[in-house]
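Every value quoted in this text rests on a predicted model; they were computed, and no experiment measured them.
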Amino acid sequence: GYRVSLQGNFFGCNQTYMTFPEYNPRKHIKLDPPLNIQSNATVSKCQIWWSVWNVPWYLAEILQYELQYKEYSMSWEVAMNKTLPSSLPQVEIEATELRSGIAYAARVRCKVSENENSYHSQWSEWSQTTMFQRADVPKVSEKILNIKTIQYLFIPLSFGTLLYLFWNCKLSSRTQKNSIFFECCFLTLGQKASPALTFPHQLLSLSHSIVCTMGILR
């Protein structure tokens with residue numbers, strides 16, 4: 001330890017006063033504030049990091065940091081404080097702690113960890129501030145939503161149409177065994193198409209159109 005005294009001339013007399021009979025510099029440390037504080041905000045979290053200057057390596061490993069952040073328009077008196085459990089010069093803030101569309105300011109200070117017995121210090125001054133804002137969740141395009149909706153509706157409607165045609169065909173075959181299934185048969189080379197072959201071909205054509213349409217929608 002050291003002995004610190006104060007000597008001066010008081011009222012024409014030289015006098016010495018003992019200020020600290022036992023002074024240990026390692027117990028009275030005040031560090032410089034952190035430097036180069038930066039931030040990066042995403043949809044899920046905000047990362048903040050910084051650096052320290054003029055700190056011996058044996059102290060850098062036992063430092064303790066305190067983060068303070070607030071909405072930019074608010075006072076520091078109502079800011080959120082976090083004492084970081086690690087000596088690493090970085091921290092993450094979860095997006096759930098931040099309001100969307102609001103700008104924030106953050107700063108940090110440091111001191112020797114309170115769990116360290118060999119050294120003792122008080123908090124440094126606050127660092128400069130960094131600004132950040134929570135990233136908004138990207139919105140799905142309305143066009144994509146419309147296409148998805150059409151796809152989901154098109155499938156049941158298409159199969160419903162097939163079932164309807166098949167049921168009508170079945171009823172028609174019961175009541176008119178000798179009649180043509182559909183009066184609107186396609187003409188091929190000037191001749192009337194066979195009724196027995198027309199309806200299956202129409203079903204295949206409709207099924208093919210449904211598959212092609214679904215492929216285009218995707």
Got a donor-acceptor contact below 3.5 angstrom from the [X] side chain to the [Y] backbone?
X    : Y    : answer
Q64  : E114 : yes
S127 : L35  : no
S121 : K111 : no

4.5 Å side-chain heavy-atom contact, [X] and [Y]:
X    : Y    : result
Y65  : V52  : yes
N81  : T83  : no
W50  : Q128 : no
S113 : S87  : no
L63  : V55  : yes
I48  : V108 : no
R99  : Y104 : yes

Shared hydrophobic cluster for [X] and [Y] (ILVMFWY, side-chain gaps under 4.5 Å):
X   : Y    : value
L98 : W49  : no
Y58 : I62  : yes
L59 : W123 : no

(message) Applying salt bridge (Lys or Arg N to Asp or Glu O under 4.0 Å) as the test, list every pair that has at least one member in residues 27-39; sequence neighbours left out.
(response)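 Qualifying pairs: K30-E125.
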
Search all heavy atoms of [X] against all heavy atoms of [Y] and return the closest pair with its distance.
X    : Y    : answer
R134 : T42  : CG-O, 4.3 Å
S44  : E94  : O-OE1, 3.6 Å
I37  : R107 : CD1-CA, 4.0 Å
I29  : R26  : CD1-O, 3.5 Å
L31  : S124 : O-CB, 3.1 Å
Q133 : A41  : O-CB, 3.1 Å

(message) Listing request: all ring-ring contact (aromatic ring centres under 6.0 Å, His included) pairs with a residue in residues 71-96, at least two apart in sequence or in separate chains.
(response)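 Counting only pairs at least two positions apart or across chains, no ring-ring contact (aromatic ring centres under 6.0 Å, His included) contact touches residues 71-96.
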
(request) Might you confirm whether atom CE of M80 has over 12 heavy atoms from other residues, nucleotides or ligands at distances under 6.0 Å? (result)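 Open: at most 12 neighbouring heavy atoms sit under 6.0 Å from CE of M80.
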
(request) Please name all residues satisfying ring-ring contact (aromatic ring centres under 6.0 Å, His included) with Y69, sequence neighbours left out, ordered by chain then number. (result)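 By the ring-ring contact (aromatic ring centres under 6.0 Å, His included) rule, Y69 matches no residue at all.
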
(request) Starting at NZ of K82, measure out to CD of E66 and round the result to the nearest 0.5 Å. (result)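 The NZ atom of K82 sits 12.0 Å away from the CD atom of E66.
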
(request) Measure the spacing between CG of L67 and CH2 of W126 and express it to the nearest 0.5 Å. (result)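 Answer rounded to 0.5 Å: 7.5 Å.
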
